[in-house]
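As structure tokens, the structure follows; a few thoughts come after it.
Both ligands and their constituent atoms are indexed starting at 1 by order of listing.
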Amino acid sequence: LDLALKKAKQLKQPLAFYYQGDDKAQYRELLIINGLPNGLKYNQLYMVFQPKLDIESGQCQQVEALIRWHHEGLGPISPNEFIPLAEQTGMIDLLSAWVLDAVVAQQAKWREKGIYVKVALNLSSTDLDNPNLANDVASKLAKYLVPAECIMIEITESALMVSLEQTIVTLNQLRDIGVKIAIDDFGTGHSSLAYLRFLPVDEVKIDKAFLDEFETTLAAKQIVKTSIELAKSLGFEVTVEGVESKSVLDTLRTYGVDTIQGDYFAKPATAQEFEHIYPQLNHLSA
Ligand code: C2E
Ligand code: MG
Ligand code: MG
Ligand code: MG
């Protein structure tokens with residue numbers, strides 16, 4: 001299977017794989033890999049949007065776009081499962097292009113309806129290694145007449161380090177056209193804030209893993225607190241993701257966080273659902 005995956009990656013196109021073993025996990029992987037092109041073609045994939053709460057204004061000014069896939073045979077599949085497979089097989093290019101189009105098209109629709117939220121989309125390390133990325137983003141924005149300030153790009157801390165030189169070039173190009181950059185899942189990789197300071201980065205998103213232990217482990221709490229303080233003092237915007245309760249939110253507020261994202265404020269919603277909840281989100285007090 002490893003060989004076949006490598007081959008598919010070289011060819012930059014999906015291969016049909018056949019597998020006759022009895023390893024259920026590998027068989028599932030094959031179904032996912034083989035199913036992705038059709039999934040895209042037959043609209044099995046769609047985006048959901050998770051609102052972010054702006055602490056100062058108490059409003060929702062941003063959302064994060066998250067991909068969803070309802071596989072015809074397997075049912076819903078988590079992006080945590082199929083994104084890594086798309087990366088390994090080289091299909092991530094196709095998928096990210098689809099996400100970019102879907103997000104910018106959605107932005108155009110919302111702006112027409114008077115909904116002005118910034119949308120952050122997730123990209124992979126291979127996307128950032130692509131010297132054409134900034135051009136692709138610029139032409140997509142032009143196609144839908146959406147200003148660059150309306151979108152933001154999230155990349156994980158580990159993706160940042162994969163091919164640092166090209167990534168920095170790409171990030172600078174994106175920033176030059178007006179697209180802001182967030183470092184996702186901060187705290188799980190090997191970079192430090194002192195180092196990020198030299199990179200074209202606007203926002204730091206503290207990883208959900210720390211929040212899972214926030215109320216049980218003093219260390220997790222201290223890491224979050226210190227990271228927020230240091231990130232703020234270095235000039236980054238700071239988001240904490242995975243906030244599930246009011247008590248956590250209240251504590252984070254005292255740490256000086258800018259925005260929070262989490263099920264306590266709002267769960268990921270389809271575009272249509274978001275349009276319904278959006279007016280109420282903006283009337284909540286933080
Ligand atoms: P991420 O970018 O760090 O996104 C945050 C994840 O945490 C999302 O999971 C979100 O639903 C979840 N989350 C946020 N707040 C809470 C909370 O309060 N409680 C709990 N239990 N979960 C919360 P999701 O949507 O399953 O996405 C998982 C990961 O898959 C993302 O992590 C991102 O790395 C990747 N991903 C999602 N969509 C895309 C995409 O369009 N492109 C790429 N390349 N990766 C994507
Ligand atoms: Mg993200
Ligand atoms: Mg994250
Ligand atoms: Mg994550």
Return yes when at least one N/O/S atom of Asp185 is nearer than 2.8 Å to the Mg ion (ligand 2), and no when none is. no
Looking only at distances, can you tell me whether any N or O atom of Asp185, backbone or side chain, sits closer than 3.5 Å to an N or O atom of ligand 1? yes
With nothing but distance in play, are any N or O atoms of Gln261 less than 3.5 Å from an N or O of ligand 1? no
Between Asp184 atom OD1 and Glu241 atom OE2, the angle centred on the Mg ion (ligand 3) rounds (to 10°) to 120°
For ligand 1, indicate whether the residue Thr156 contacts it via side chain, backbone, both or neither (heavy-atom separation under 4.0 Å). neither
Find all atoms of ligand 1 within a distance of less than 4.0 Å from any non-hydrogen atom belonging to Val99, and give their numbers and elements. 41 (O)
Out of all atoms in ligand 1, which are within 4.0 Å of some heavy atom of Pro268? Include the element for each. 11 (O)
Please state whether the separation between the Mg ion (ligand 2) and some N/O/S atom of Glu154 is under 2.8 Å? yes
Does the plane of the ring in Phe274 sit parallel, tilted or perpendicular to the ring in Trp110? Use 30° and 60° as the thresholds. tilted
Ligand 1 contact on Lys208 by region, counting heavy-atom pairs under 4.0 Å: side chain
Measure Glu241 to ligand 1 on non-hydrogen atoms and call it side chain, backbone, both or neither using the 4.0 Å cut-off. side chain
Would you say the side-chain atoms of Gln62 and Lys118 include a donor-acceptor pair closer than 3.5 Å? no
Quick one: which ligand 1 atoms are inside 4.0 Å of a heavy atom on Gln50? 10 (C), 13 (N), 14 (C), 15 (N)
For ligand 1, does Val48 get within less than 4.0 Å through its side chain, its backbone, both, or neither, judged by non-hydrogen atoms? neither
Do any of the N, O or S atoms of Asn122 sit under 2.8 Å from the Mg ion (ligand 2)? yes
Where does Ile83 meet ligand 1, judged by heavy-atom distances below 4.0 Å: at the side chain, the backbone, both, or neither? side chain
With sequence neighbours excluded, residues passing side chain to side chain donor-acceptor pair (under 3.5 Å) with Glu149: none
I want to check a possible cation-pi pair here: Lys221 against Phe214, using under 6.0 Å from ring centre and within 45° of the ring axis as the test. yes
To the nearest 0.5 Å, tell me how far Tyr255 OH sits from Thr226 OG1. 8.5 Å
Quick one: which residue pairs count as a salt bridge (Lys or Arg N to Asp or Glu O under 4.0 Å) with a foot in residues 131-144, not counting sequence neighbours? Asp101-Lys140, Asp101-Lys143
